Asks: 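Dropping a structure here in structure tokens format, bear with me for questions.
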Amino acid sequence: MEFSKKVAAIHPSPIRDMMVRAARIDDVISFAVGEPDFHSAPNVIEAAKSALDNGETKYAPGAGMTKLREVYAAYLKEAIGVSYETENCLVTTGGMGALFLGLTTLLNSGDEVIFSSPYWSNYGQQIVLCGGKPVAVDVDEAHDFVIDPVAIDKAITAKTKVILLNSPSNPTGSVIDAASLRAIAEIAVKHDLVVISDEVYRHILFDGETYTSIASFPGMKERTLIIDSCSKTHAMTGFRVGFATGPLNLIREMTKITEDVWSCVNTSAQFAAIEAFTRGTDYREMMVAEYEKRRNYIYQRINAIDRLSSIKPMGAFYLFANITKTGLAAKEFCDRLLDEAHVAVVPGDHFGTHASGYVRISYATSMQKIKEGMDRIEAFVNRL
């Protein structure tokens, strides 16, 4: 049987592989998965249950329930200071559904998409599946893993169509500063490029950091597609509710093909999302405060371990630890750490070809597990 060359070029996720391997170990502590350890808020769960009890089990509109789109547009105005009409908002199956529809709609064969590396590997995979060409621009620890607008400008060719941004970042926890975003916006306008802004970690910020969306700069609302999700900031990963917001003509084209991809998003999950956006702020802020405590602890512990180090992540719930002084490549470090210490982390080279000296540690788990995991990591490194 012969398969699509695009699909054959896609590699299985090392994160999933690490999850499967870790599941076979009784006392494993996993820092591998980027999923909140919190349950969804009780009122959100109740909203989904009530919707089912009330018979809300039919198809929803392809673009999403009007009420949810209205609520989300109002929320987005408050969150990033940019006004959108209901028609500019599309409800999707998670943030990944929004990204896939956006790339599918925008890209012709060979069109190039620029993004920073290290990067969440799904970006490169989706670009390939949608017929595009990934163009990774390296970022480094010395610059806090923040992409240089000059490097973006140098990477642009006649085939460039999209700049893809992710801030706060998975896997590094970096946040793109407003000055850099303004410079990137000017580049996008100059070269008539579309920007896809993945903002799913928008609210998970630390040390008083405030969020700036590139859509807020002059000329950018008309050329920016915002990707968002309930998964991270509302601990609703299993509900699979995401959003794409952007220019009306783009959203209409994306909406047109929802019928050919998923028909509509789960109806009861949309009622849960309405509840999350209308009465979910306190629960969200509670989670962010806890993530910051965990960030502070894990950052201090990693930098106190001989031969390990990390910059201080400013957002999301990941720490990108430098392991080069151990003398081990990332995969060997992760394999041995799992086998010998029963701790699961993800090798950095999964997120970029030049990141083999790093591992990603997700602190979306309890402080008790973080403390035990750090003890095990410290003992493991000391034995090397």
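All values reported here derive from a predicted model rather than from experimental measurement.
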Asks: State yes or no: are the ring centers of Phe145 and Phe351 separated by less than 6.0 Å?
Replies: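 Between Phe351 and Phe145, which both carry aromatic rings, the centre distance is not below 6.0 Å.
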
Asks: Can you name the side-chain hydrogen bond (donor to acceptor under 3.5 Å, both in side chains) partners of Lys369, sequence neighbours left out?
Replies: none

Asks: Side-chain donor-acceptor pair under 3.5 Å between Ser197 and Glu199, yes or no?
Replies: yes

Asks: Asp228: what forms a salt bridge (charged side-chain N to carboxylate O under 4.0 Å, His left out) with it, not counting sequence neighbours?
Replies: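 Only Arg202 meet the salt bridge (charged side-chain N to carboxylate O under 4.0 Å, His left out) criterion with Asp228.
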
Asks: Are Tyr75 and His234 near enough that their ring centres are under 6.0 Å apart?
Replies: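 No, ring centres 6.0 Å or more apart.
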
Asks: Just checking, any donor-acceptor pair under 3.5 angstrom between side chains of Asp26 and His342?
Replies: no

Asks: Looking at Tyr299 versus Tyr363, is the centre-to-centre ring distance below 6.0 Å?
Replies: no

Asks: Quick one: pull up CG in Leu250 and CG in Leu101 and give me the separation to the nearest 0.5 Å.
Replies: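 These two atoms lie 10.0 Å from each other.
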
Asks: Working to the nearest 0.5 angstrom, can you tell me the gap between Ser121 OG and Gln126 CD?
Replies: 10.5 Å

Asks: Is there any salt bridge (Lys or Arg N to Asp or Glu O under 4.0 Å) pair reaching into residues 88-108, and which pairs are they, with sequence neighbours excluded?
Replies: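 Checked against salt bridge (Lys or Arg N to Asp or Glu O under 4.0 Å) - neighbours excluded - no pair reaches residues 88-108.
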
Asks: Please tell me whether Glu253 and Thr105 have a donor and an acceptor in their side chains that are separated by less than 3.5 angstrom.
Replies: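 No pair is found: no donor N or O on one side chain lies under 3.5 Å from an acceptor on the other.
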
Asks: Strictly under 6.0 Å, is that where the ring centroids of Tyr123 and Tyr119 end up?
Replies: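 No: the rings miss the under 6.0 Å criterion.
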
Asks: For Arg294, which residues count as a salt bridge (charged side-chain N to carboxylate O under 4.0 Å, His left out) partner, sequence neighbours excluded?
Replies: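 For Arg294, the residues satisfying salt bridge (charged side-chain N to carboxylate O under 4.0 Å, His left out) (neighbours in sequence not counted) are Asp37, Glu290.
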
Asks: Who passes salt bridge (charged side-chain N to carboxylate O under 4.0 Å, His left out) against Asp349, sequence neighbours left out?
Replies: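 Residues passing salt bridge (charged side-chain N to carboxylate O under 4.0 Å, His left out) with Asp349: none at all.
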
Asks: Just to verify, what does Phe380 make a ring-ring contact (aromatic ring centres under 6.0 Å, His included) with, not counting sequence neighbours?
Replies: Phe333

